[in-house]
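Right, one structure below, let's go through it.
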There are 2 protein chains.
Amino acid sequence: MFSIIKRVLIGQPLKSAQLGEQKLNKTKALAILSSDALSSVAYGPEQILIVLMTIGAAAYWYSIPIAAGILVLLLALVLSYRQVIFAYPQGGGAYVVSKENLGVNSGLLAGGALLVDYILTVAVSISAGTDAITSAFPSLHPYNVLIACLLVVVITVLNLRGITESASILAYPVYLFVLVIFIMIGAGLFQIMTGRVSAELHAPIGSPVAGLTLFLLLRAFASGSSALTGVEAISNAIPNFRSPAPNNAAKTLAAMGLLLALLFTGIVWLAYYYGISPKPEETVVSQIASATFGRGFMYYAIQGITAMILILAANTGYSAFPLLAVNLAKDKYIARMFTVRGDRLGYSNGILFLAVASILLIIVFKGQTEHLIPLYAVGVFIPFTLAQTGMLIKWFREKPDGWKVKLTINAVGALISFTVMMIFFITKFPQVWPALIFLPAIVVVFHKINKHYESVGDQLRISTCEPEAPIEGNVMIVPVAGITHVVENTLNYAKSLSPDQLIAVYVAFEKDAEKQFEEKWNQWQPDVRLVTLYSQYRSIIQPLSKFVDTVEHKAKESNYRVTVLIPQFITKKRWHNILHNQSSLLIRSFLLHRRDVIITTVPYHFKK
Amino acid sequence: MFSIIKRVLIGQPLKSAQLGEQKLNKTKALAILSSDALSSVAYGPEQILIVLMTIGAAAYWYSIPIAAGILVLLLALVLSYRQVIFAYPQGGGAYVVSKENLGVNSGLLAGGALLVDYILTVAVSISAGTDAITSAFPSLHPYNVLIACLLVVVITVLNLRGITESASILAYPVYLFVLVIFIMIGAGLFQIMTGRVSAELHAPIGSPVAGLTLFLLLRAFASGSSALTGVEAISNAIPNFRSPAPNNAAKTLAAMGLLLALLFTGIVWLAYYYGISPKPEETVVSQIASATFGRGFMYYAIQGITAMILILAANTGYSAFPLLAVNLAKDKYIARMFTVRGDRLGYSNGILFLAVASILLIIVFKGQTEHLIPLYAVGVFIPFTLAQTGMLIKWFREKPDGWKVKLTINAVGALISFTVMMIFFITKFPQVWPALIFLPAIVVVFHKINKHYESVGDQLRISTCEPEAPIEGNVMIVPVAGITHVVENTLNYAKSLSPDQLIAVYVAFEKDAEKQFEEKWNQWQPDVRLVTLYSQYRSIIQPLSKFVDTVEHKAKESNYRVTVLIPQFITKKRWHNILHNQSSLLIRSFLLHRRDVIITTVPYHFKK
């Protein structure tokens, strides 16, 4: 049943040899890896205006120099990550760069921050997209959380099917979004140039503004730079590209940077020229669209496609999270299961973990994950800063051809990223302080996991461990609950192995039952020694494990091994299991984990 | 950790021999078994007035004859159940009576209806009590469901501690409730007799009322008879009484009937004399109390104690449900685990099941379980009718001394119960129709469970099953994941049992790995045959189970048994488990349930 549903949703399993076919070309990669970055132009410009609004509409012209600053930051990030791509073509981005150049802890900090960020990407963008849907259909509003969770499930299924298949479906909305925003910007510029928009709507650039502080400008800059989240995704996902992977990834990154710059500039410019103020009930993009086209077909198309791209922004998390997790798992900092490829060759454990974590976040925050955005942004700029500082040190150490230019690019990037991060911490401390707790905590957990894997490796290796004492003989214990066919079956099996000693154990809850059973047993199996234990507290496990202890102690002295054989009947239908007491399961897991005995389950399959 | 919490909450385990000390004397039994019945006087009289109100205040005097009718019904029920107690001193009430006299299906119908009813008792009375609390402290209102669930947990813990201990705690509020209501009735009567209450407040008995129909009177009667729910609890719980159990139970039942009759009559009379109309925002008892005492100390004492008794009404369910479940389980109609006594000698599985089921109901209905009351009442009168019909047939069959009197009592009781039940079905069909679906469904499930247990019994019995073929030899298969100490440990154990054949199996995900492994293996364990399987879909279980199939097929031909030995390392700390892939668990449960092989888990305990 489960496997049929799985097949319909996920598709037939793929052979390992088909891995190459699953790689992405540039067009698909751009669509799949840039939806997060591109979609952020839907809210980035607005963030700048919201901060400036606290001074007054006269300050809006400052959005132009601030946007220019953000474009410089974008350029620095793109150039820097381009260098990361060529320097680390195996992917891993900020994690690998920081680890190799700044040391393990910096790498783990970058990796941990990004892992958390991808979960936040999914939760935040799905919530935002759901809000857009339920704004259009208010009757759906009570089902916000449910809709958000269903959307996560849909995107998860697409990603479990495999990246190329989901790319085909996801490419259309991304390119459509780029197209309609370009049309909107084009139409707006056309109207401005043909003089249909009054120049009085906005204060001219350079007009003096009272009450403006540097702090406020920096804050506006930091808020606007949230439009740059998602830029690093490509550098983490290089292994997903067709070869030559680094070249293709670099070209895709350049294309994404260019698109992002154009969209961002256009929207900021139109918002400034139209003199648009942020409103709580209508987004800036919506205001621009309705000023340009009126509330007609194009307006609704832009709104619908924007909602869609916000939902798809979640997909960036799905592409980048599993690959980063593989890098961390290969270095033994997170559970090994993240390196296993699923039926469709995707890293399904990473995909599923991401889905569960983001659904939990959505449920805990009741679909209102918006106020996690500052936390999310600060979590992005920490790895940005670390990665670029790492590159800087790399150039300084290795000094390759033209290293001074490269070093300058990364130095500028590191400085701006660091500044933005600090501005976030200073101006939004009440929202971002949790990062100061959970990021170090994650690094500690990474180290604990690493330590465990290392110690397991030591203990498993044949060369490093002491040889065991040879096994001189076997003692077998069969717990019996009655004189039944299941017990007979188990005793026959035990006898066929001809152990040095075979003991049946019966736990009685009443004194009378004890004697009765002994008599019956001696008639039935006179050749098997029976030990009866009286349990006045009606527990089976306690007297049994005490008995096993005694036997084990004696057995160890003469290098005998103790095996407990558990008779277990297997019911025909699964629901029948709740009708049986499952003592055998309890006994098994207790003895296996607490005592040094071997557990053999001798099944007896019911025929009906 | 868990066991410490358990000990603090539940107390030290008790020996089986201490069972007698846990029995109830009459005073405690009355408190513990009658809180449901007694508390229903808090809402029963109101139900009558609510129906009469649809005609007008002039009709209120009809509450007196209706109350008389309900007293007759109460008398019939008490006399009838008195006879049940002596006829069936082992307890079981309606279930046992119906099963023995009317046949299995009637018994199961009565038993199923009561099981569901006890769950409803808990959910409904806890919800009502919570409403009373949050009415007093409105700021708690948003936490209604949470408070209700916590109350269920508290009562569950009390019951898990053991019945006499909870009786001591629960006895005070019950007797306090009886006391304050008696004081209220006494004070009211005193005021009436001293002429301080105007006789004009009410229409005199016998005044003609326009628009009154028989249908309406019957409906008012049925509504009022919801005050009788819980009367049967004592007859189900006879085994909890000190000996002579039946005599003590009968005396307790008589005391409860008398108290219930007095409280009920008093409240109906005062409500009539004061001319009280039901109001949505104030209960009838509250109106009487405030008319009698004003809003002083006594008023708040009555309100507080009423709220408490409503919560404690849930305890009746806790006393009766587990005992009824034991009766059904002994007859193999529900899971055997309900017959197991817990650490404190209570039937803890029944208690826990009841707690979980009622918490689920409370959560699903968001704490508003009031509209389940009609369903609950109809579920009570079905077993009432069945039990009394059963007694009727018993007297007719056995014809003991004075059987005509006994038969008449039960015949009257059966007739009234049947009438009330039919009135419920006719006048409240929209609320009670689900009973027509889920009660038959429960009976079907009971039969299915019974059939399973019977067939299991047949298959287990030594005398009825065919002898197995003797075991001629053993084949052992060890799935190996690498050349490690855990594998070595398992192979040594397997060799010590000297099987006829020992095969190691390695599943490779890559062709290269396959060859490499074979070479290494032949150097390491040249005497153990290695089979490598290539899995192009990266599944371990599928190729492995296919291989096991082949081996098992061959082995069966020559009566060999197949054992799969699974090397498993046991981590030192529990959380380490999530860091390992647990393939061994998957392999074990798959092979154990789907194939006829014996599974041996050879543990290797990590030292750190």
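Not measured: the values here are computed from a predicted model.
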Nearest non-hydrogen partners of [X] and [Y], listed with the distance:
X	Y	value
A:His605	B:Leu592	CE1-O, 3.2 Å
A:His485	B:Gln459	CB-O, 3.7 Å
B:Tyr493	A:Thr563	OH-OG1, 2.6 Å
B:Ile449	A:Trp575	CG1-CZ3, 4.0 Å

Is [X] in contact with chain B via its backbone, its side chain, both, or neither, using a 4.5 Å heavy-atom distance?
X	value
A:Val597	backbone
A:Glu510	neither
A:Lys448	both
A:Phe509	backbone

Would a 4.5 Å heavy-atom cut-off, applied to side chains only, mark [X] and [Y] as touching?
X	Y	result
A:Thr600	B:Ile599	no
A:Phe606	B:Leu460	yes
A:Asn474	B:Ser496	yes

**Report entry** Max heavy-atom pair count under 4.5 Å with chain B, selected residue of A:Leu497, A:Thr571, A:Leu565, A:Val486
**Finding:** A:Leu497
Query raised in the report: Who are the side chain to side chain contact (heavy atoms under 4.5 Å, CB included) partners of B:Glu454, not counting sequence neighbours?
Result: B:Lys332, B:Asn450
Gap between atom [atom2] of [Y] and atom [atom1] of [X] - 0.5 Å precision:
X	Y	atom1	atom2	answer
A:Lys572	B:His452	NZ	NE2	12.5 Å
A:Tyr453	B:His576	OH	NE2	10.0 Å
A:Thr601	B:Leu591	OG1	CG	11.5 Å

Query raised in the report: If you tally heavy-atom pairs under 4.5 Å against chain A, which of B:Phe338, B:Phe569, B:Trp524 wins?
Result: B:Trp524
**Report entry** Under 4.5 Å from any heavy atom of chain A - which part of B:Ile483
**Finding:** both
**Report entry** B:Gln542 atom CD, neighbour heavy-atom count above 12 within 6.0 Å
**Finding:** no
